[in-house]
Protein chains: 2
Amino acid sequence: MAVKKHDVERNPAQFLQERGFRLTPQRLMILAAITESQKHISAEEIYARVSAQYPQVNISTVYRTLALLKEQGLVTETDLGEGRVRYHAADKGHHHHLVCQSCGAIFDLDEALLEPLERSLLDEYNFEADIRHLAIFGRCSRCRQRAAPAKGQEVIDAHP
Amino acid sequence: MAVKKHDVERNPAQFLQERGFRLTPQRLMILAAITESQKHISAEEIYARVSAQYPQVNISTVYRTLALLKEQGLVTETDLGEGRVRYHAADKGHHHHLVCQSCGAIFDLDEALLEPLERSLLDEYNFEADIRHLAIFGRCSRCRQRAAPAKGQEVIDAHP
DNA sequence: CGCCTTTTTGCAATAAGTTGCAATTACAAT
DNA sequence: ATTGTAATTGCAACTTATTGCAAAAAGGCG
């Protein structure tokens with residue numbers, strides 16, 4: 001069945017209410033800001049959007065609401081290494097990111113690639129990993145082909 | 001060959017100097033604080049140790065030195081979810097951590113478990129992952145056996 | 001040894017995120 | 001509709017980390 005426009009906003013709200021959390025206007029607006037955002041959104045951006053319609057809202061409410069939504073599995077949080085964290089509606093599908101430390105490029109990574117790791121953690125450690133939105137840092141294809149270091153320039157490495 | 005006590009401190013310093021970085025007393029003391037610490041140490045703890053002998057040092061120097069050491073691969077940084085990040089000498093061996101979100105317990109994880117993932121990132125994406133000190137969040141064995149949620153208590157999940 | 005250049009530091013301001021507490025408010029029960 | 005109460009918010013203070021800039025200092029060179 002097709003999801004109607006409004007369900008996107010109503011469902012996480014209902015979920016919260018069923019769990020005994022109160023539906024405050026602040027929470028509804030923060031939820032709306034996240035679900036309506038097509039990309040990963042930061043706390044500051046959420047705050048900007050919400051306070052445009054509801055100026056007395058406080059940034060700490062945004063952070064506390066994000067913590068709640070994350071705890072309840074409704075949003076995922078990712079640190080892309082920007083000095084600030086970004087959020088994403090969990091029901092829009094899990095995925096991960098490869099972040100190139102040389103050029104800053106960000107690539108999407110299929111969720112399936114982490115499954116073997118999750119399975120071995122479960123099998124070998126009986127640990128139920130909660131890896132919903134991971135950023136893996138490293139060097140991308142293009143940067144690996146180009147020359148490498150920043151300062152020393154000449155490659156000292158003995159094993160080519 | 002056995003590593004003499006002093007080599008532990010001299011080697012990273014030499015490494016820095018060979019790369020053209022200056023050996024300042026601040027850097028040497030920060031390095032010493034990290035290598036002498038048997039456990040993962042925070043920036044604030046490094047600062048406390050260093051400023052005990054050298055009071056005019058500034059916390060921003062600690063952070064900048066940590067950024068440099070990390071960049072040069074001499075220390076690894078890990079966010080164990082404490083609201084502050086911890087550092088560890090890279091030459092003491094890489095390892096990872098499982099952090100239980102229910103009870104807070106932290107388990108060590110063998111580096112080998114991440115190798116298949118690193119290999120598939122290299123094979124499928126030509127991406128050279130730099131996973132040297134990862135914290136994976138989730139639920140540990142003990143917490144999985146006990147009852148689960150906090151607020152809603154009854155498990156609504158339809159697929160057991 | 002002292003000069004010179006470039007790196008590095010200290011300082012102060014700033015950013016991102018968290019927390020304690022009193023005031024407010026959602027919502028269930030009258 | 002009103003009330004009672006626990007959850008939630010706003011506020012202000014605080015913590016962790018980062019940054020611009022002028023002053024200080026490392027290390028190469030003469």
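Here is the naming used below: chain letters follow the sequence lines, and residue numbers restart at 1 for every chain.
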Round to a whole Å and report the spacing from [atom1] of [X] to [atom2] of [N].
X	N	atom1	atom2	answer
B:Tyr47	D:dT15	OH	P	14 Å
A:Glu71	D:dT8	CD	P	11 Å
A:Tyr54	D:dT8	OH	C1'	11 Å
A:Met29	D:dT8	CE	C1'	16 Å
A:Glu82	D:dA17	CD	C1'	16 Å
A:Gln56	D:dT8	CD	P	18 Å
A:Leu66	D:dT9	CG	P	12 Å
B:Arg27	D:dG27	CZ	C1'	13 Å

Quick tally for nucleotides 13-19 of chain C: nucleotides whose base has a protein heavy atom under 4.0 Å get B, sugar-phosphate-only ones S, the rest -, giving ---SBBB

With the sugar-phosphate defined as primed atoms, P, OP1 and OP2, and the base as all remaining atoms, what B/S/- string results for nucleotides 23-30 of chain C, 5' to 3', for protein heavy atoms under 4.0 Å?
--BBS---

Axis-to-axis angle across the helix from C:dC1-D:dG30 to C:dT30-D:dA1, five pairs an end, to 10 degrees?
20°

In this structure, CG of B:Leu117 is separated from CG of B:Leu134 (nearest 0.5 Å) by 9.0 Å

Rounded to the nearest 0.5 Å, how far does OG of B:Ser120 lie from CG of A:Leu114?
8.5 Å

Going by the rule side-chain contact (heavy atoms from CB on, under 4.5 Å), which residues pair with [X] if we only count those two or more places apart in sequence or in a different chain?
X	value
A:Asp110	A:Ala112, B:Tyr125
A:Asn58	A:Ser60, A:Thr61
A:Ala89	A:Ile34, A:Thr35, A:Asp91, A:Lys92

Results of side-chain hydrogen bond (donor to acceptor under 3.5 Å, both in side chains) for A:Asp130 - residues two or more places apart only:
A:Arg132

Excluding sequence neighbours, so at least two apart, what forms side-chain hydrogen bond (donor to acceptor under 3.5 Å, both in side chains) with A:Glu45?
A:Arg86

Is there any salt bridge (Lys or Arg N to Asp or Glu O under 4.0 Å) pair reaching into residues 53-75 of chain B, and which pairs are they, with sequence neighbours excluded?
B:Lys70-B:Glu77

Would you be so kind as to tabulate the donor-acceptor pairs closer than 3.5 Å made by side chains of residues 97-109 of chain B, with sequence neighbours excluded?
from: B:His97; atom 1: ND1; to: B:Asp108; atom 2: OD1; distance (Å): 3.0
from: B:His97; atom 1: NE2; to: B:His40; atom 2: NE2; distance (Å): 3.2
from: B:His97; atom 1: NE2; to: B:His95; atom 2: NE2; distance (Å): 3.4
from: B:His97; atom 1: NE2; to: B:His133; atom 2: NE2; distance (Å): 3.0
from: B:Ser102; atom 1: OG; to: B:Arg139; atom 2: NH1; distance (Å): 3.2

Going by ring-ring contact (aromatic ring centres under 6.0 Å, His included), name the pairs with one or both residues in residues 47-68 of chain B, residues two or more places apart or in two chains.
none

I'd like a table of donor-acceptor pairs (distance under 3.5 Å, sequence neighbours excluded) in which one partner is a side-chain atom from residues 20-31 of chain A, with atom names and distances.
from: A:Thr24; atom 1: OG1; to: A:Arg27; atom 2: N; distance (Å): 3.1
from: A:Arg27; atom 1: NH1; to: A:Arg22; atom 2: O; distance (Å): 2.8

